[in-house]
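Chain naming here is simple, since letters A, B, ... match the order of the sequence lines and numbering starts at 1 in each.
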Number of protein chains: 2
Amino acid sequence: MKIIPEIIQKLNEAGLKITPQRVAVMQTLMRLRSHPTAEELFAEVSRTIPGLSPTTIYNTLDTFVDKGLVKRVKTDMDVMRYDAITEHHHHLYCAISDRMEDYFDPELDQMLSEYFTRKKIEGFNVTDIRLQLMGDFENKPK
Amino acid sequence: MKIIPEIIQKLNEAGLKITPQRVAVMQTLMRLRSHPTAEELFAEVSRTIPGLSPTTIYNTLDTFVDKGLVKRVKTDMDVMRYDAITEHHHHLYCAISDRMEDYFDPELDQMLSEYFTRKKIEGFNVTDIRLQLMGDFENKPK
DNA sequence: ATCCAGATTGTATTTATTACAAACAAGGTT
DNA sequence: AACCTTGTTTGTAATAAATACAATCTGGAT
């Protein structure tokens, strides 16, 4: 796993101390691309860091969100989820299976960006556009 | 408030019994266009129906969602919210003030619909497109 | 007027998250 | 390298949102 230096750099840039807990949480979040919940992260990170406290997961995630290293994601159905990918992207979501995947589409972003440059919304200043594409996945998860 | 007959018709069409609780919940949800939480609804509906149980709010909302009379809405920040408007629409959301408003834009819907007809997503069948427009409201709530 | 499936209530639980104080450790300073 | 300060982690306890469930009640069909 050679991504650790990259994680350390991220944490440093955010002005955060490098702790095993933070590195492990970020690493797990980057590895699991499934938008895990705090609970799932706790279970997974606990394997590496035995004495881990659930509170640390919440603290760590809150800190990461504060610093913009991680984003919160919420569906209509369940609890808060977290996403280490901070580049602009959208989500595919199937309510039946509660499965969520990332969706990148620069062409779409371009089109939307142009659209909202042209069409102003009265009294509202758009800073970010997020799509949730609802539907069904045709195949099983990888 | 002359929308009650309309509510009764809705409930009937959904095969639900007409109870004061259901009528009041739906009425309140239609009047408050603020995507209230279950708690907010409980507080508001309690004024009309004194002995109301919070459980009834949850039951009623679940039933309404089941029947498609109401939609769940979730933000990144807080608990579940509910929306009586089931016509297709999007949301304007300001994370700082936690304020959310509806946004209707048939032209946008048209454009997106055309886009996803043309551009298929591998392994995913889109049934609904929801935008969350993040940003700031320039004026106070009405 | 009667009846029963479905609705409501209230209590008890569960689950997700936060508050807080004590113990600890990262990393700059000497 | 030992020290110190500040930020971090831990654990317990509290809060809040939502659900389960059994008992009671009621809408509306007959």
**Prompt:** Are A:Y58 and C:dT18 close enough that a side-chain N or O sits under 4.0 Å from OP1 or OP2?
**Reply:** no
**Message:** If I take atom CG in residue A:D66 and atom P in nucleotide C:dT18, what distance separates them, rounded to the nearest angstrom?
**Reply:** 12 Å
**Whole-Å gap separating C1' (C:dC20) and CG (A:D62)** = 15 Å
**Asked** Taking CZ from A:R72 and C1' from C:dT18, how many angstroms apart are they, rounded to a whole number?
**Response** 12 Å
**Item:** Straight-line distance of B:E6 CD to B:M26 CE, nearest 0.5 Å
**Value:** 9.5 Å
**Message:** Parallel, tilted or perpendicular: which one describes the rings of A:H90 and A:Y103, with boundaries at 30° and 60°?
**Reply:** tilted
**Request:** Taking the side chain as every heavy atom from C-beta outward, state whether B:I8 and B:N12 have any pair of such atoms under 4.5 Å apart.
**Result:** yes
**Request:** Report the residue (B:P20 or A:N59) whose heavy-atom-nearest nucleotide on DNA chain C is the more 5′ of the two.
**Result:** B:P20
**Item:** Minimum-distance nucleotide (side-chain atoms of B:T56 versus D:dG11, D:dA17, C:dT9)
**Value:** C:dT9
**Options C:dT8, D:dT10, D:dT8, nucleotide nearest the side-chain atoms of A:R22** = D:dT8
**Request:** Taking only the side-chain heavy atoms of A:T55 (C-beta and beyond), determine which of D:dG11, D:dT9, C:dT11 contains the nearest atom.
**Result:** D:dG11
**Asked** Starting at CD1 of B:I7 and ending at P of D:dG27, how long is that distance when rounded to a whole Å?
**Response** 17 Å
**Message:** Side-chain N or O of A:Q21 versus OP1/OP2 of D:dT10: is the shortest distance under 4.0 Å?
**Reply:** yes
**Rounded distance (Å) that lies between atom P of C:dA25 and atom NZ of A:K17** = 12 Å
**Between P of C:dA16 and CD1 of A:I57, the distance in whole Å** = 14 Å
**Request:** Please report the closest heavy-atom contact between B:F42 and B:S53, naming both atoms and the distance.
**Result:** CE1-C, 3.8 Å
**Request:** Just call it for A:T19: base, sugar-phosphate, or nothing, with non-hydrogen atoms closer than 4.0 Å on any strand.
**Result:** sugar-phosphate
**Asked** Hey, does A:L131 have a side-chain heavy atom less than 4.5 Å from the side chain of B:I129?
**Response** yes
**Request:** Send over the distance from B:I49 CD1 to C:dT8 P, rounded to a whole Å.
**Result:** 9 Å
**Message:** What is the distance, to the nearest angstrom, from the CZ atom on B:F42 to the P atom on D:dA17?
**Reply:** 12 Å
